[in-house]
There are 4 protein chains.
Amino acid sequence: MAPLNDEQLHQIRDERKEQIMEAALKVFSRRGIVGTKMSMIAAEAGISHGLLYHYFKSKDELFTTLVQMAMLGAQDAMKSIYDLQGSPLDKIKYLTKEILDEGGRPYFMLIYQARTSEGVPEKVKELIAQYSLKSFVDELLPVFKEGQQTGEIAAGDPAELISAYLSVLSSLMMLNAQDEETYRLPSSDILMRMVTGP
Amino acid sequence: MAPLNDEQLHQIRDERKEQIMEAALKVFSRRGIVGTKMSMIAAEAGISHGLLYHYFKSKDELFTTLVQMAMLGAQDAMKSIYDLQGSPLDKIKYLTKEILDEGGRPYFMLIYQARTSEGVPEKVKELIAQYSLKSFVDELLPVFKEGQQTGEIAAGDPAELISAYLSVLSSLMMLNAQDEETYRLPSSDILMRMVTGP
Amino acid sequence: MAPLNDEQLHQIRDERKEQIMEAALKVFSRRGIVGTKMSMIAAEAGISHGLLYHYFKSKDELFTTLVQMAMLGAQDAMKSIYDLQGSPLDKIKYLTKEILDEGGRPYFMLIYQARTSEGVPEKVKELIAQYSLKSFVDELLPVFKEGQQTGEIAAGDPAELISAYLSVLSSLMMLNAQDEETYRLPSSDILMRMVTGP
Amino acid sequence: MAPLNDEQLHQIRDERKEQIMEAALKVFSRRGIVGTKMSMIAAEAGISHGLLYHYFKSKDELFTTLVQMAMLGAQDAMKSIYDLQGSPLDKIKYLTKEILDEGGRPYFMLIYQARTSEGVPEKVKELIAQYSLKSFVDELLPVFKEGQQTGEIAAGDPAELISAYLSVLSSLMMLNAQDEETYRLPSSDILMRMVTGP
DNA sequence: CATGAATGAGGGTTCATTCAT
DNA sequence: GATGAATGAACCCTCATTCAT
């Protein structure tokens, strides 16, 4: 996933702000909101912790901002597959790679963190409700349906299939991010088998 | 009145200890060790926070005890499938259900938390190393191999297949645990397709 | 110093109470009031900590009671030298030995603790004020004066001399009690030299 | 405005650190490590308790730092007498005065506390072992021996004499520190008599 | 009487947040 | 803007004290 598109970037006028957000994303996505200390973010960004508060009112606000951005980014990633050439399955493979890739992963990890952690700000809960799994499912519905028609994609309720696909995909990132040695990313083939079916 | 006799005291201790562990499992498994406050566990158990320390020396010890128990329980769950009748696939389906079930889930969630959280006690890290994914993979190897011979299970490196299967399974719990409404557990069929292959 | 005379004993009707006080004296005298936990006293007495509260309302009360008893005991020890035969210097040597002896030491140590610790109960402060050094000095004044007349004891203000003698004596117990190896009790001869003078 | 430059910050840090150490010395020396609460030190220093932890990692570290400094200071005090003019006895008198003086007393009291308290950090125990009474005795040995040759100092084992002298001296501080009115410091003359002998 | 389970005030420590410089 | 000193709420844990049995 490309880091951010122009529309998202325009709301980051400040280079410093971007620098902070990048650092915060890195730390939050790995450690979650509770496990992250503001000092960690400051250290990662190479600035003093005091400066964080010139750009973000609070830890919660910073986290919330990032989640919001990640949500938009994720949606964009979904949409972007429609700009591609190729068969539906090609598009899904592309998306899979995109999500699991080094670049896009932090955003999806952050979303995962937001979803699976208690103690996130109220605003984040609202965002999660708003950008529910359903909204992503809806985004992918056309391509999956098309794939089912061509026979590339397994038959059955496509919404359920997408839901399963996304759940598994996002879950995998977390495992992969933590402990490269113990867990291996299931080979794409195995993952795709869920989708393509027998 | 004469003080309680040993047996009675023992019983109280055991009951309380179990009560605390149950409460702690519930909270730890959802919120992780950092996100869990001793007061939460106390509240969940319906006792004062001070009493926790009559039964467990520290938060770390409590967490470690639970992880240890969960590890053993998980291993037992793996082993138990060999007592079942039925085809290899039946056994795997049973295990899947077992892990995702309301009952066993907290234990697997706790293991997940232990694996993916920063700030866990050293002892827990050792436990994780000891009961690595590999040990679980080894446990399931026979049944998967058998399934591959009968053709029920997809061909390919069985260790990789099991690893993928377990990774996905355990991470799904986390998503599922939080938010029953938004996420639905992928239907077993779809999940099984990872394993069965075309 | 004999542990306790009859008069003091009569107020300990209960064997248990005596047992507790003995244990408490042992611990308090070494560790002071802040460094002593009720559980330590209970363990030393071989009873449960709950039982302490059947005999003493609080830690403070227990400490205060002991200080009171020690004060009386100390005064008795002073008085007792007048029952002895021998020269003034003999009497003082006897008192010195008595105070530094295994038996009487805890009482004097407790007084020392009470005197040198902050955070003792108000009542103890009153006791210290009441049984000030002056009261002990007064007690010994006759024998020191007599010694000065016979030339056994150094000349000079006898009150000052006694004050110095007692201060040094009580201080020494503490050092001796802690760390047998590092500190050695100054030989009586050296100590006596303070008193006898050139 | 530009942030403080390095030198300014360094100065603030140093000043604060000194301010805290001064306050801590005052409280620790009187109340010992167990009887001292971090809030007392903070109050004495006129700062918030949180700030203490910007300058010292823990209560133990603060205590240890002070003990270390006190040990060095004590050794320096011992050594300094060799820079003085005068007879051996003059030097010892000077040292006596130095130790009992308002200024140096807290350091010696702290050492006393470290020596006689339970619950001091392991590092402090090592320091005590390292700077044992013996090391101080060794330091004073030359001047005492010289005094014995000139006849100013009493004959006998000089190590024993010094040990007695130091023990008494250090324990006197404790009594004296608390209660200026009740106890008077034994006049130097009387104290010196221990050393000079008949 | 005797026990130890149970409580909760309070102390050590961390860390989000504020603010003087 | 930028820094890091400073604050204080909140967390883990201890221990004096209470109380059911």
So the stems of DNA chain E, runs of at least three Watson-Crick or G-U pairs (under 3.5 Å), are E:2-21 with F:2-21
How long is the line joining [atom1] of [X] and [atom2] of [N], in whole Å?
{"X": "Phe56(B)", "N": "dT14(F)", "atom1": "CZ", "atom2": "P", "value": "15 Å"}
{"X": "His54(D)", "N": "dA16(E)", "atom1": "NE2", "atom2": "C1'", "value": "11 Å"}
{"X": "Ile41(D)", "N": "dT7(F)", "atom1": "CD1", "atom2": "P", "value": "15 Å"}
{"X": "Lys17(B)", "N": "dG4(E)", "atom1": "NZ", "atom2": "P", "value": "16 Å"}
{"X": "Glu61(D)", "N": "dG12(E)", "atom1": "CD", "atom2": "P", "value": "15 Å"}
{"X": "Ile20(D)", "N": "dA5(F)", "atom1": "CD1", "atom2": "P", "value": "11 Å"}
{"X": "Met40(C)", "N": "dT17(F)", "atom1": "CE", "atom2": "C1'", "value": "17 Å"}
{"X": "Leu52(A)", "N": "dA2(F)", "atom1": "CG", "atom2": "C1'", "value": "11 Å"}

With respect to the phosphate group of dA6(E), does any side-chain polar atom (N or O) of Arg16(B) fall under 4.0 Å of OP1 or OP2? yes
Can you find a side chain N or O atom of Tyr55(B) that sits less than 4.0 Å from OP1 or OP2 on dA6(E)? yes
Contacts of Thr36(A) and Thr36(D) projected onto DNA chain E by closest heavy atom; the upstream (5') one is Thr36(D)
Looking at [options], which one has an atom nearest to any side-chain atom of [X]?
{"X": "His49(B)", "options": "dG10(E), dG12(E), dT3(E)", "value": "dG10(E)"}
{"X": "Ser58(A)", "options": "dC12(F), dT17(E), dT3(E)", "value": "dT17(E)"}
{"X": "Lys59(C)", "options": "dT17(F), dA10(F), dT3(E)", "value": "dT17(F)"}
{"X": "Tyr53(A)", "options": "dT18(E), dT18(F), dC12(F)", "value": "dT18(E)"}
{"X": "Met38(A)", "options": "dA16(E), dA2(F), dT13(E)", "value": "dA16(E)"}
{"X": "Lys37(A)", "options": "dT7(E), dA16(E), dC15(F)", "value": "dA16(E)"}

Given 3.5 Å as the limit, does a donor-acceptor pair link the side chain of Ser117(D) with the main chain of Ala114(D), or not? no
Can you find a heavy atom in the side chain of [X] that is under 4.5 Å from one in the side chain of [Y]?
{"X": "Val124(C)", "Y": "Asp60(C)", "answer": "no"}
{"X": "Gln68(C)", "Y": "Lys123(C)", "answer": "yes"}
{"X": "Gln19(B)", "Y": "Ile47(B)", "answer": "yes"}
{"X": "Arg31(D)", "Y": "Val34(C)", "answer": "no"}
{"X": "Met21(B)", "Y": "Leu66(B)", "answer": "yes"}

Taking the six-membered ring for Trp, are Phe63(D) and Phe28(D) parallel (under 30°), tilted (30 to 60°) or perpendicular (over 60°)? perpendicular
Partner residues of Phe108(D) under the ring-ring contact (aromatic ring centres under 6.0 Å, His included) criterion, sequence neighbours left out: none
Of Ser48(D) and Leu51(B), the one whose nearest nucleotide on DNA chain F sits closer to the 5' end is Ser48(D)
